[in-house]
Amino acid sequence: MTAPRKLHIKSYGCQMNVYDAQRMVDTLAPEGFVETANADDADLVILNTCHIREKASEKVYSELGKLRVAKAEAAQAGRTMNVVVAGCVAQAEGNEIIRRAPVVDVVVGPQSYHNLPALLKQAKAGGRALDTEFPVEDKFSFLPPPKPAAIRARGISSFVTVQEGCDKFCTFCVVPYTRGSEVSRPVAKIIDDVQRLADNGVREITLIGQNVNGYHGDGPDGRPWALGTLLYRLAEIPGIARLRYSTSHPRDVEDTLIAAHRDLPALMPFVHLPVQSGSDRILAAMNRKHTTEDYRRVIDRFRDARQDIAFTSDFIVGFPGETEEDFAATLALVTQIGYAGAYSFKYSPRPGTPAADLQETVSQADMDERLVRLQNLIDSQQSAFNAATIGRTVDVLFERPARNPGQIVGRTAYLQPAHVMASDDIIGQVLPVTIESLERYSLLGSLARDSLASAPVANSPVPPVLQPVVSQSVSSHTVTGA
Ligand code: 5AD
Ligand code: SF4
């Protein structure tokens with residue numbers, strides 16, 4: 001038997017990249033690759049890149065500079081190190097990467113990961129390889145499912161891609177170009193994936209897609225199923241305690257999704273629903289296809305169905321043409337909705353998008369100032385949301401031992417990390433926890449009395465007054481899009 005080859009993957013950007021990285025590991029495992037945390041002694045380094053904002057893209061070239069040194073050192077030591085650029089920068093700038101960065105052996109776009117073994121062979125045969133096609137077939141049909149041991153090693157919470165790409169064409173956004181147009185996976189394949197995960201100890205599934213609620217995969221009845229219908233079906237799978245989905249577009253919120261929130265205790269009352277701006281003028285310039293009033297109505301529909309529901313959002317400040325008045329409308333919308341948390345970004349012109357041709361009107365200094373004002377408002381909402389949890393008993397799904405000995409960490413319905421002193425046999429269970437204090441973004445508490453008998457409980461809803469705010473780490477649960 002030959003020694004295993006070491007594979008290091010560095011993922012940037014959203015959760016779909018984290019999920020794709022796991023698919024690449026699963027694809028390369030039969031080729032004898034095992035993951036290593038260290039790039040320097042790896043035989044294969046994959047940079048899984050993000051193109052959403054300029055800063056995210058720039059990281060690739062600085063990382064490639066470092067890899068040039070590591071690759072040369074490996075060669076001096078008589079080893080070969082191959083370097084792959086994957087992800088959305090690979091898709092958008094494939095030829096340029098080949099031209100600019102001789103250190104790179106393979107460039108592969110998100111739709112072609114199943115071709116990685118062949119591309120590596122091509123590179124080994126002396127060439128450099130580039131694959132940024134958008135094949136018509138479902139790439140998932142070619143990607144091997146994870147092995148039981150890999151599923152167990154990845155923990156009790158898992159992501160499953162149900163939809164990829166976006167047809168919305170917001171004027172600022174690269175996603176329709178890097179991830180292509182919307183494709184939904186068939187229902188049967190998703191059920192298979194979730195069943196396999198559940199059989200191997202996974203208790204929480206987050207369905208992911210760039211426009212996840214645009215899902216319309218072929219159902220077993222021969223008709224397209226909406227996201228809500230899919231969620232009803234997945235909630236029937238034994239072992240699945242929690243379901244989530246990300247990222248949603250306000251225009252595609254169908255009644256079945258609202259009904260699913262009303263009917264399914266497993267569907268967490270926590271929705272990431274980006275709005276981007278609170279100004280109708282700017283929303284139109286962004287081609288968002290909804291007004292602030294449309295957005296408020298969608299929020300009301302969710303809240304009518306489930307009073308304890310909480311929302312997060314994304315915002316862009318300094319879009320071309322944004323006046324102080326437009327920005328004030330964004331602050332007003334945030335105040336009115338009351339978020340559990342949100343991400344806010346300075347506008348970053350992306351090559352090839354319609355907005356990149358617009359004259360930028362907001363100075364960097366004004367953008368910085370608006371960003372701080374918006375983030376302060378969101379932070380205060382988030383702090384109030386978290387503080388409202390103190391003294392309450394909330395359901396926590398326990399995930400893993402915490403850093404402090406004897407502590408186990410899990411998450412509330414709102415993805416707030418919650419720590420208790422307990423033995424690690426509670427991992428994988430949903431148990432009520434009485435929250436005693438808040439340390440930065442983490443809740444500290446103790447197992448509620450009735451859980452000490454260790455009976456797993458259903459996800460009981462949190463009283464409506466509680467508007468908790470998510471932890472910073474929620475970013476790891478969102479997917480670029482919508
Ligand atoms: N500039 C700044 N922010 C952007 N986003 C997407 N494209 C851009 C851009 N060109 C933000 C949006 C989106 C999130 C994933 O990233 O808020 O919802
Ligand atoms: Fe699609 Fe979201 Fe990008 Fe708009 S911002 S184009 S909805 S991925």
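Positions are given from 1 along the sequence. These numbers were taken from a predicted model, which means no experiment stands behind them. Just so you know, ligand 1 is whichever comes first in the structure, and atom 1 is the first atom listed for that ligand. Below, each value reflects all heavy atoms present in this structure, side chains not excepted, and no hydrogens, waters or symmetry copies.
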Within reach of ligand 2, part of P176 (heavy-atom separation under 4.0 Å): side chain
Ligand 1 N/O within reach of R53 N/O, cut-off under 3.5 Å: yes
Side-chain donor-acceptor pair present, E182, Q210, cut-off under 3.5 Å: no
Electrostatic pair R297-D294, nearest N-O below 4.0 angstrom: yes
Per-atom contacts, ligand 1 versus F345 - under 4.0 Å to a heavy atom: 3 (N), 11 (C), 14 (C), 16 (O), 17 (O)
For K168, atoms of ligand 2 separated by under 4.0 Å from a heavy atom: 1 (Fe), 7 (S)
Protein residue, atom and distance nearest to atom 1 (Fe) of ligand 2, heavy-atom basis: C166 SG, 2.2 Å
F270-F311 aromatic ring centre distance below 6.0 Å: no
Row check, F327 ring normal vs R373 NZ/CZ: under 6.0 Å, within 45°: no
Identity and distance of the protein heavy atom lying nearest atom 10 (N) of ligand 1: S348 O, 2.7 Å
Per-atom contacts of ligand 2 with H249, taking only distances under 4.0 Å to non-hydrogen atoms: 7 (S)
R400 charged N/C atom sitting above F398 aromatic ring, 6.0 Å / 45°: no
Closest protein heavy atom (residue, atom, distance) for atom 2 (Fe) of ligand 2: A482 N, 2.3 Å
4.0 Å heavy-atom contact, R179 with ligand 2: no
Per-atom contacts of ligand 1 with Q276, taking only distances under 4.0 Å to non-hydrogen atoms: 12 (C), 13 (C), 17 (O), 18 (O)
Between Q375 and S344, a side-chain donor and acceptor under 3.5 Å: yes
Proximal ligand 1 atoms for K346, defined as those under 4.0 Å from one of its heavy atoms: 1 (N), 2 (C)
D280 side chain to T291 side chain, donor-acceptor N/O pair below 3.5 angstrom: no
Exercise: do T389 and N386 side chains pair donor with acceptor under 3.5 Å: no
Nearest heavy-atom neighbours spanning T132 and G109: CG2-N, 4.1 Å
Between D131 and N115: side-chain donor-acceptor atoms closer than 3.5 Å: yes
Candidate with minimal heavy-atom separation from atom 15 (C) of ligand 1, of V174, T247, T353, D314: D314
Any N or O of F172 closer than 3.5 Å to N or O of ligand 1: yes
Atom 4 (C) of ligand 1: nearest protein contact (heavy atom, Å): I316 CD1, 3.6 Å
Ring-face cation of R100 near Y61 (centre distance under 6.0 Å, axis angle within 45°): yes
N/O/S from C173 sitting under 2.8 Å away from atom 4 (Fe) of ligand 2: no
Ligand 2 versus F172: contacting region, heavy-atom distance under 4.0 Å: side chain
Per-atom contacts of ligand 2 with C170, taking only distances under 4.0 Å to non-hydrogen atoms: 4 (Fe), 5 (S), 6 (S), 7 (S)
